[in-house]
Protein chains: 2
Amino acid sequence: MIIDCHGHFTTAPAQLATWRARQLAAVGTAGPDPAEPVITDDELRAAVEPHQLKLMDERGTDLTVFSPRASFMAHHLGDFAVSSAWSRICNDLVHRVSTLHPDRFAMGAMLPQSPGVDPATCLPELRRAVEELGAVSVNLNPDPSGGSWTAPPLTDRSWYPLYEALVEYDVPAMVHVSTSCNPAFHTTGAHYLNADTTAFMQLVQGDLFADFPTLRLVIPHGGGAVPYHWGRFRGLALALGRPDPETLLDNVLFDTCVYHQPGIDLLTRVIPSRSVLFAGEVIGAVRGVDPRTGHHFDDTRRYVDATPHLTDAQRAEVYAGNALRVFPRLAARIADRAAASAR
Amino acid sequence: MIIDCHGHFTTAPAQLATWRARQLAAVGTAGPDPAEPVITDDELRAAVEPHQLKLMDERGTDLTVFSPRASFMAHHLGDFAVSSAWSRICNDLVHRVSTLHPDRFAMGAMLPQSPGVDPATCLPELRRAVEELGAVSVNLNPDPSGGSWTAPPLTDRSWYPLYEALVEYDVPAMVHVSTSCNPAFHTTGAHYLNADTTAFMQLVQGDLFADFPTLRLVIPHGGGAVPYHWGRFRGLALALGRPDPETLLDNVLFDTCVYHQPGIDLLTRVIPSRSVLFAGEVIGAVRGVDPRTGHHFDDTRRYVDATPHLTDAQRAEVYAGNALRVFPRLAARIADRAAASAR
């Protein structure tokens, strides 16, 4: 079984973007009716079947944890009410995809974060996403400002209400920023990777998992710069009087969104296999075909299959075993589906 | 011959920090006399001989490009006049070290950058550093704000006067930020690496080397996240209609400040040897001994010696050949010294 823990709904029907444009044009007023972007089930099927599902079939991915388009979360736009309405709509859509193809998609939720607003305001949508929509994962943006980095580190107590709810539900968070509105940072070529590195170092400096021993955070894009600089992080932890970063790896996992063989070889050489989750970030930042190999850059299964640093048992962990452990609501969903089809 | 292209004077006599503290306490007034931090030659020798030079001897480093302490540049503090006085003092000190030990140190200069101030204001100090102090390299801070990233990308025309002078002198710049005053970013565990990644992506997006075909920029700390995510950068360049990032590698070089074997193995597997410069960032961010190996994390020569991805000829390029090409004023200095000692 192959589970991709990091896919975004980047091919949503055009009504979604149209509604969002109207919402942003109307910031400061009541805005358009959230019930308005009417998208039929057939339109949703047409949005995923020839795109996401086709790629999953081609690459042998059984199931994807599917969340709203990360760069469109854009928490920096508007205020909490704007983010709140937008999150509900986006979460409802990925929920519907996961209902139309329950064996192929499980839902990841976005949160209605807004810069300078107490993260606890996200709790109602987090609870709705898990309890009513069946979310198995949540995307947490460590920089709702979109590249100004005005939020406190993830170890700050202002984030704790979210962690308490995640622990209560046994749901992990993927630490994932959104669009950069800072011209210094290209969104997918700098801001995403910087956020991954930044978040990990915040966790090295802090002691978050003493307070939340069962919390799991997934750091996407192969952990940004972290595995490549693992010696640096080990040395910094030593200098700071912090435990070796390897001690974080029961709570922190890295995905395999690294788009060439040497990168995946490094990741699997440095990071224990129990802390690596298969993913491609499909359909995402890098959609092209590598002219050197003839294959898509983001077809990460090829690299994971080929890396010499995983035994067959470890490869099975990376492909599915770890995901079933880290996303217990996903495991329960799969078990329920299997039981239902056996009846 | 082994040249380390990236060392900082982090063990300067205490008078330097004392003067700086007085300067910062007096911001808004004329400040203390720049001639005041009187440091004798004996004090300077005592500051480098049992520290920097001892490590260079132990590790077999013949010569280090030695620049002022990066985290102390702190361009965000005070205004241009503050940065200007501070740069002169710091540059004078590394110049004196390079004069006391002319075969072991060549000078790298800092610039009196200040957030929101035209980079062209740095030209007088850049010219003084090269013409009067013999600087062979310059450190250029892409984020003088210290973690707010308010400066435009390095491809913006406001930086061009500096590039024109660097091309005129045939002097490369190392792209190196200073202290982060943003609590989200640990200085050496996040901000430094993020800056490296950010700068490279700015160069992928822009077309700087069409305007400055002979300009060389050194991206330190192994290029941040870039070599680990080389496939991502290749795919993004393709999507943006930009040339393959490999075409940047005549103008952009990465140093070897990556503090474990797998990281150096990746760097030397992915990046052509002509674009890799030996360095340790000694005495720098990570000073400890790895309890697993019994060696200093930042003793990068061990990793470069051991990597299987360099032939002997390529290893010689990384250790010295590339540096002599990229820092022609260093090559000229070494040739002058050799000629003088032969007379």
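Every chain is numbered from 1, with letters handed out A, B, ... down the list of sequences.
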Leading residue by heavy atom contact count with chain B [cutoff under 4.5 Å; candidates A:Gly235, A:Ala239, A:Gly223, A:Ala285]: A:Gly235

Pick one of side chain, backbone, both or neither for B:Asp156, based on which atoms fall under 4.5 Å of a heavy atom in chain A. neither

Part of B:Ala199 within contact of chain A (heavy atom distance under 4.5 Å): neither

Roughly how far apart are B:Thr198 OG1 and A:Asn194 CG, rounded to 0.5 Å? 4.0 Å

Heavy-atom pairs under 4.5 Å with chain A: which of B:Gly288, B:Cys257, B:Gly224 has the most? B:Gly224

How far apart are the closest heavy atoms of A:Leu238 and B:Pro291, and which atoms are they? CD2-CD, 4.3 Å

Heavy-atom pairs under 4.5 Å with chain B are the metric here; pick the option from A:Ala190, A:Gly189, A:Ala225 that has the most. A:Gly189

Just wondering, are more than 12 heavy atoms of other shown residues or ligands nearer than 6.0 Å to CZ in A:Phe209? yes

Could you have a look at B:Thr188, B:Val270, B:Asp143 and say which one has the most heavy-atom pairs with chain A under 4.5 angstrom? B:Thr188

Please state whether the side chain, the backbone, both or neither of B:Ser148 comes within less than 4.5 Å of a heavy atom of chain A. backbone

For each of A:Arg232, A:Arg287, A:His186, tally heavy-atom pairs with chain B at distances under 4.5 Å, and name the one with the top tally. A:Arg232

What are the residues of residues 293-311 of chain A, in order of number, with any heavy atom under 4.5 angstrom from a heavy atom of chain B? A:Phe297

Side chain, backbone, both or neither: which part of A:Val289 has an atom under 4.5 Å from a heavy atom of chain B? backbone

Any chance you could measure A:Leu266, atom CG, to B:Arg269, atom CZ, to the nearest 0.5 Å? 9.5 Å

Check each atom of B:Leu240 against the heavy atoms of chain A and say whether the ones under 4.5 Å are side chain, backbone, both or neither. side chain

Of all the heavy-atom pairs spanning A:Ala184 and B:Ala151, show the shortest one and how long it is. CB-O, 4.2 Å

In terms of heavy-atom proximity below 4.5 Å to chain A, should B:Pro227 be classed as side chain, backbone, both, or neither? both

Please identify, among A:His221, A:Gln205, A:Arg292, the residue contributing the most non-hydrogen atom pairs under 4.5 Å to chain B. A:Arg292

Heavy-atom proximity to chain A below 4.5 Å, by part of B:Pro262: both

Please name the pair of heavy atoms, one in A:Pro183 and one in B:Pro153, separated by the smallest distance, quoted to 0.1 Å. O-CG, 3.4 Å

Which residue out of A:Thr150, A:Thr197, A:Leu236, A:Ile264 racks up the most heavy-atom pairs below 4.5 Å with chain B? A:Leu236

OH/A:Tyr163: more than 12 non-hydrogen atoms of other groups inside 6.0 Å: yes

Which atoms of A:Asp265 come close to chain B, meaning under 4.5 Å heavy atom to heavy atom: side chain ones, backbone ones, both, or neither? side chain

About how many Å separate CZ of A:Phe200 and CG of B:Leu193, when rounded to the nearest 0.5 Å? 12.0 Å

Measure the spacing between NE2 of A:His229 and OH of B:Tyr192 and express it to the nearest 0.5 Å. 13.5 Å

Would you mind checking which part of B:Val204 comes under 4.5 Å of any heavy atom in chain A, side chain (CB onward), backbone (N, CA, C, O), both or neither? neither

Contact summary for B:His260 and A:Tyr228, nearest pair of heavy atoms: NE2-O, 2.7 Å

